[in-house]
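For reference, the structure discussed in these notes is given below.
Because only heavy atoms are used, hydrogens play no part in the values below, and waters and symmetry mates are left out as well, while side chains stay in. Every chain is numbered from 1 and lettered A, B, ... according to where its sequence line falls, protein lines coming before strand lines.
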There are 2 protein chains.
Amino acid sequence: MHDQTTRDRILESALHLFSTKGYIGATTKEIAKKAGLAEVTLFRHFRSKEKLFETVLNSYTFLPDLKGLLPQVSDKPYEESLLIIAERFYDKLSERKEMIQLVQAEVQRYPEKLLKTYQKFIYELWHTLALYLNELQKKRIITKLDPEIGARAFLGMCFAYFNAQELMLNKTPDKKTKDETLKGFVQIFVRGTTA
Amino acid sequence: MHDQTTRDRILESALHLFSTKGYIGATTKEIAKKAGLAEVTLFRHFRSKEKLFETVLNSYTFLPDLKGLLPQVSDKPYEESLLIIAERFYDKLSERKEMIQLVQAEVQRYPEKLLKTYQKFIYELWHTLALYLNELQKKRIITKLDPEIGARAFLGMCFAYFNAQELMLNKTPDKKTKDETLKGFVQIFVRGTTA
DNA sequence: TGCTTATGTAAGTGGTTACTTACATAATAA
DNA sequence: TTATTATGTAAGTAACCACTTACATAAGCA
């Protein structure tokens with residue numbers, strides 16, 4: 001078959017251009033050029049631009065990355081756990097920045113393709129955190145509150161911070177500012193939820 | 001000059017199509033058709049597609065809308081104030097949903113045009129809330145915390161909820177669910193910040 | 001050596017797009 | 001009535017795009 005590294009280079013280049021210029025705005029010519037290849041090579045690896053787009057979406061899912069995040073902290077104290085979750089969550093978002101930009105920009109246009117992935121992503125994460133909060137509630141560590149609303153609130157703070165900084169303003173905050181902000185979020189949330 | 005209502009119809013149609021299909025994806029033909037006009041009429045009102053885009057951006061700023069939101073609540077008790085702010089904020093975002101979708105999707109592509117507007121929007125709102133929190137801090141109503149981080153946390157929860165529901169899942173939650181969620185957010189935040 | 005495989009260059013095709021030009025029409029104002 | 005204004009229909013243009021076809025080349029393998 002075709003060279004794997006060539007294929008990967010096309011996918012990487014495509015992800016970058018789709019995420020910055022959008023599906024329509026990124027041309028096959030430009031994608032190939034950025035990968036250092038002739039346009040025709042792109043079409044030898046992928047039947048069509050649409051097929052390439054789908055492959056990009058499937059190759060860069062962020063789902064598995066985040067699943068393992070929560071179980072690891074269940075033994076640690078509440079505040080410490082949340083700080084770890086906040087930091088990992090933010091870092092994963094940063095790492096997958098291009099993919100998230102792509103999804104946010106194109107959901108309206110290709111809901112069939114994108115919505116399922118994204119819904120799963122939001123839902124799984126949110127729900128897993130809700131389960132964790134529910135556990136803590138049973139142990140009387142946190143106060144009586146809807147755990148799903150709590151999960152929403154916590155992840156929402158972190159996501160909105162990421163969104164504003166990295167997607168909108170396009171500026172990664174320095175580590176110190178980031179850490180302090182997330183710590184501040186955790187403090188408010190912990191204070192607002194402990195029994 | 002040209003008819004004002006015709007112009008407005010083009011702008012409205014353009015906003016809708018730009019926000020759902022993106023700048024490149026929305027064609028002048030389709031915009032005109034949706035406005036019930038011939039394509040050539042669009043070009044009689046706007047020199048170019050780009051000029052039309054800029055006019056849309058300037059016509060639908062959400063900035064002034066939100067500025068008046070905060071001063072009105074300064075006499076009310078803390079929790080009540082925050083609930084009002086959360087609800088108004090969410091509703092304004094809903095009302096301007098198309099504009100926000102447009103900005104989020106296109107910032108990467110036209111930062112010169114969009115960033116200034118959006119930066120102002122985030123910054124003003126966030127900063128105004130921070131000032132309000134700072135006031136409360138002086139009155140010893142809320143605890144010692146960075147007011148800007150507090151503002152970020154609070155608006156972040158609300159924005160992320162809006163973003164997930166209305167932009168991603170494209171489903172406006174029913175009033176009851178929405179109210180309860182926002183109330184939950186406010187409770188966590190108030191509990192987490194009161195002295 | 002000769003065959004296969006992955007790439008390249010070059011040229012082209014049919015469709016679409018932003019935008020233009022020319023001319024017609026209906027309403028309104030002088 | 002006549003001139004103006006806002007629209008319409010129709011046709012066209014130059015550029016670009018996704019995708020194709022034909023042919024060349026260089027490397028590795030049989």
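Between the NZ atom of A/Lys51 and the C1' atom of D/dA18 there is a distance of 17 Å, rounded to whole Å. Straight-line distance from the CZ atom of B/Arg9 to the C1' atom of D/dG8: 13 Å, rounded to whole Å. The CZ atom of A/Phe43 sits 16 Å away from the C1' atom of C/dA10 (whole-angstrom rounding). Between the C1' atom of C/dG15 and the NZ atom of A/Lys49 lies a distance of 14 Å, rounded to the nearest Å. The CD1 atom of A/Ile10 sits 15 Å away from the C1' atom of D/dA18 (whole-angstrom rounding). In this structure, CG of A/Leu42 is placed 14 Å from P of D/dC17, rounded to the nearest angstrom. Rounding to whole angstrom units, CD of residue A/Glu39 and C1' of C/dT9 are separated by 13 Å. Atom-to-atom, CZ of B/Arg47 to P of C/dC19 comes out at 11 Å; the value is rounded to the nearest Å.
Side chain of A/Arg44, nearest nucleotide from D/dA22, D/dT9, D/dA18: D/dA22. The side chain of A/Thr6 has C/dT7 as its nearest neighbour among C/dT7, C/dA22, C/dT20. When distances run from any side-chain atom of B/Ala38 to the nucleotides C/dG8, D/dC19, D/dT9, the shortest one goes to D/dT9. Considering only the side chain of A/Val40, C/dT9 comes nearest among C/dT9, D/dT9, D/dT7.
Smallest separation of non-hydrogen atoms from B/Leu145 and B/Gly150: CD1-CA, 4.3 Å. Contact between A/Arg109 and B/Phe18 at its shortest, heavy atoms only, is NH2-O, 4.5 Å.
Side chain to side chain, B/Asn134 and B/Lys139 fail the donor-acceptor criterion of an N or O pair below 3.5 Å. Using modelled atom types and a 3.5 Å distance limit, the side chains of B/Tyr90 and B/Glu166 yield a donor-acceptor pair. Between B/Thr172 and B/Gln165, the side chains place no donor N or O within less than 3.5 Å of an acceptor N or O (distance only, hydrogens not considered). With 3.5 Å as the limit, one finds a donor-acceptor pair spanning the side chains of B/Thr177 and B/Asp174.
At a non-hydrogen distance threshold of 4.0 Å, A/Ala26, A/Thr27, A/Thr28 from residues 16-28 of chain A come into contact with DNA chain D.
Listed pair A/Ser48 / D/dA18 fails the phosphate criterion, with no side-chain N or O lying under 4.0 Å from OP1 or OP2.
The aromatic ring centres of A/Tyr110 and A/Phe53 sit less than 6.0 Å apart.
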